[in-house]
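What follows is a set of notes on a single structure, which appears directly below.
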Amino acid sequence: MTEAPVSLMLADEAASLQLGAWLGQALGGGGILFLEGTLGAGKTTLTRGLLQALGHSGAVKSPTYTLVEPYLLGERQVFHFDLYRLGDPEELEFMGIRDYFAPGNLCVLEWPSRGQGFLPPADVAITLQVQAPGRAASLLAHTAKGRRCLADLLLARGQA
């Protein structure tokens, strides 16, 4: 059964950080989050909010050249991927991509379409679009965990 996407307006950077923080709490026990959107749409900003909510206090930059940036936050392993510069999805197999998706790990992937065929399904996939003065976010659940996550988000926002 395909669920309808949840649409949100993110008025400013603070709203993007807040959504990221909420997702960090909702998926902090492990999960997979896909982030799509053009350059400058706010994928890394949302990830920064997620990481800060889980206890990271340093800078968060997109791992465009390294492909993955690991974060150990207490007992949590969080992996931030940026697949923008991926030449061929098969490169993910050579870097041992499957090992990152161990139970309990949280994986956030920017540009996941570049790894198509080598990535497991996302619990939640988010598409961000610049819509001045803010961003439009479309969230879609692909797993039971993702559906629970989005149902909780709607409840928290009073939209259920």
Side-chain angles (χ1 to χ4, degrees), residues 1-74 76-86 100 105-116 119-160:
M1 173 171 112
T2 303
E3 301 283 327
V6 172
S7 297
L8 302 174
M9 280 305 302
L10 306 173
D12 52 21
E13 181 179 355
S16 294
L17 292 169
Q18 183 178 35
L19 176 60
W22 190 91
L23 288 163
Q25 293 301 318
L27 295 172
I32 301 170
L33 178 63
F34 284 0
L35 300 175
E36 290 280 6
T38 59
L39 291 171
K43 298 177 294 295
T44 302
T45 299
L46 194 142
T47 302
R48 182 168 21 108
L50 180 148
L51 289 165
Q52 288 173 343
L54 295 176
H56 180 68
S57 58
V60 175
K61 59 183 177 148
S62 190
T64 303
Y65 293 100
T66 58
L67 290 183
V68 63
E69 186 69 35
Y71 297 87
L72 180 59
L73 304 170
R76 297 180 178 127
Q77 287 270 354
V78 180
F79 297 100
H80 178 200
F81 294 85
D82 183 334
L83 306 183
Y84 182 75
R85 296 200 183 278
L86 191 67
Y100 291 97
N105 289 350
L106 175 54
C107 294
V108 179
L109 295 98
E110 297 185 30
W111 302 94
S113 59
R114 308 246 173 148
Q116 192 170 16
L119 299 173
D123 292 303
V124 176
I126 301 176
T127 301
L128 295 166
Q129 294 180 319
V130 176
Q131 201 166 61
R135 304 290 185 264
S138 177
L139 295 79
L140 186 61
H142 292 285
T143 66
K145 180 179 199 164
R147 286 187 286 281
R148 285 190 304 273
C149 179
L150 293 188
D152 289 349
L153 174 64
L154 290 175
L155 277 174
R157 294 177 58 87
Q159 296 175 320

Considering non-hydrogen atoms only, spot the tightest contact between G146 and A141 and give its length.
-> C-CB, 3.4 Å
Just jot down the side chain to side chain donor-acceptor pair (under 3.5 Å) partners of R114, sequence neighbours excluded, or say none.
-> none
CG-CG distance between L19 and L128, expressed to the nearest 0.5 angstrom | 8.0 Å
Atom pair CG/CD of L86 and Q116 - distance to nearest 0.5 Å | 12.0 Å
Nearest 0.5 Å please: distance from the OG1 atom of T47 over to the CD atom of E69.
-> 12.0 Å
Which residue pairs satisfy the side-chain hydrogen bond (donor to acceptor under 3.5 Å, both in side chains) criterion with at least one member in residues 20-32, sequence neighbours excluded?
-> none
Quick one: list whatever passes ring-ring contact (aromatic ring centres under 6.0 Å, His included) with F79, sequence neighbours left out.
-> Y100
Looking only at heavy atoms, the pair that brings L119 and P112 closest together is CD1-O, 3.5 Å
Would you call D82 and P63 a side-chain contact if the rule is heavy atoms closer than 4.5 Å?
-> yes
Determine all donor-acceptor pairs shorter than 3.5 Å in which one atom belongs to a side chain in residues 31-44; sequence neighbours excluded.
from: E36; atom 1: OE2; to: S113; atom 2: N; distance (Å): 3.0
from: E36; atom 1: OE2; to: S113; atom 2: OG; distance (Å): 3.3
from: K43; atom 1: NZ; to: G37; atom 2: O; distance (Å): 2.9
from: K43; atom 1: NZ; to: T38; atom 2: O; distance (Å): 2.9
from: T44; atom 1: OG1; to: E110; atom 2: OE1; distance (Å): 3.4
from: T44; atom 1: OG1; to: E110; atom 2: OE2; distance (Å): 2.8

Do L54 and Y71 have side chains that get closer than 4.5 Å, going by heavy atoms?
-> no
Would a 4.5 Å heavy-atom cut-off, applied to side chains only, mark L50 and H56 as touching?
-> no
Only one of L150, L140, I126, V124 forms a side chain to side chain contact (heavy atoms under 4.5 Å, CB included) with V6, so which one is it?
-> L150
Partners passing side chain to side chain donor-acceptor pair (under 3.5 Å) against R85 (at least two apart in sequence or in another chain) | Y65
Determine whether V108 and L51 make a side-chain contact, defined as any pair of heavy atoms from C-beta on separated by less than 4.5 Å.
-> no
When rounded to the nearest 0.5 Å, the distance separating CG of D152 from CZ of R147 is 13.5 Å
Side-chain contact, heavy-atom cut-off 4.5 Å: P133 with D12?
-> no
Give a yes or no on this: more than 12 heavy atoms of other residues, nucleotides or ligands lie within 6.0 Å of atom CD of Q18.
-> no
Inter- and intrachain pairs under side-chain hydrogen bond (donor to acceptor under 3.5 Å, both in side chains), touching residues 119-144, at least two apart | D123-T143
